[in-house]
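Below you'll find the structure, written out as structure tokens, and then a few comments.
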Amino acid sequence: QVQLMESGGGLVQPGGSLRLSCSASSAIMNNYAIVWLRQAPGKEREVISCISDEGSSTKYENSAKGRFTTTRDRAKNAVYLQMNSLQPEDTAVYYCATAGYVSFLGGILTCRDFDSWGQGTQVTVSS
């Protein structure tokens, strides 16, 4: 089974920043769109962002727009999630996953069917 690995989580004060990393083999990281998701205690899993396999297209959900940025470095087999202006409501376990279905219609990237996951990294925003 394909395995991805997240890193970079931790404890940060409100208003602070963190950069999460997602890594896997080059066969995976260079051929799949990658989605970032999060799950807070007692809440449903939430999609945050998606980046196309080439890194040229991205999409953000409302909770991430203007604060989070996802990028990928194909040479390092990595995808990143830069999170700025973090707030307590951003506290969650953050996951990266491959997107088995990707479309780009009308200039909008859509990513679905999250096939392979990492184990997650905890992000806690607290003073």
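Atoms considered below: every heavy atom in the structure, side chains included; atoms not considered: hydrogens, waters and symmetry mates. Computed from a predicted model, the values in this text were never measured in an experiment.
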Taking atom types as modelled, find out whether Ser63 and Glu46 have a side-chain donor-acceptor pair closer than 3.5 angstrom.
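Ser63 vs Glu46: donor-acceptor pair found between side chains.
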In terms of side-chain heavy atoms, does Asn77 have a donor or acceptor partner in Ser26 at a distance below 3.5 Å?
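Side chains of Asn77 and Ser26: no pair found under 3.5 Å.
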Check step by step if side chain to side chain contact (heavy atoms under 4.5 Å, CB included) holds for Tyr60 and Val47.
CA-CA 8 Å; Tyr60 299 92; Val47 175; over 6 Å; no
Could you grab the distance from atom CD1 of Ile51 to atom OG1 of Thr70, nearest 0.5 Å is fine?
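OG1 of Thr70 is found 4.5 Å from CD1 of Ile51.
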To the closest 0.5 Å, what do you measure between CG (Leu37) and OH (Tyr95)?
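Taking CG in Leu37 and OH in Tyr95, the distance rounds to 9.5 Å.
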Any donor-acceptor pair under 3.5 Å linking the side chain of [X] with the backbone of [Y]?
X: Arg45; Y: Gln39; value: no
X: Thr69; Y: Gln82; value: no
X: Thr91; Y: Thr124; value: no
X: Thr121; Y: Gly9; value: yes
X: Asn31; Y: Ala27; value: yes
X: Ser85; Y: Gly15; value: no

Go through the steps for Asn84 and Ser17 under the test side-chain hydrogen bond (donor to acceptor under 3.5 Å, both in side chains), then give the verdict.
CA-CA 4 Å; Asn84 299 327; Ser17 299; 2.9 Å; yes
Salt bridge flag under 4.0 Å for residues Arg72 and Asp53
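No.
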Do the side chains of [Y] and [X] get nearer than 4.5 Å, heavy atoms only?
X: Pro14; Y: Pro88; answer: yes
X: Val79; Y: Leu4; answer: no
X: Gln13; Y: Val125; answer: no
X: Leu20; Y: Phe68; answer: no

Please step through side-chain hydrogen bond (donor to acceptor under 3.5 Å, both in side chains) for the pair Arg19 and Tyr80, ending with a clear verdict.
CA-CA 7 Å; Arg19 188 178 81 155; Tyr80 305 103; 4.5 Å; no
Return the minimal non-hydrogen interatomic distance between Gly118 and Glu6, and the atom names on each side.
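Of all heavy-atom pairs spanning Gly118 and Glu6, the closest is CA-OE2, 3.2 Å.
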At their closest point, which heavy atom of Cys111 faces which heavy atom of Ala33, and how far apart are they?
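In terms of heavy atoms, the two residues are closest at SG-CB, 4.3 Å.
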Test side chain to side chain contact (heavy atoms under 4.5 Å, CB included) on Leu105 and Thr110; report intermediate values, then the result.
CA-CA 8 Å; Leu105 298 176; Thr110 299; over 6 Å; no
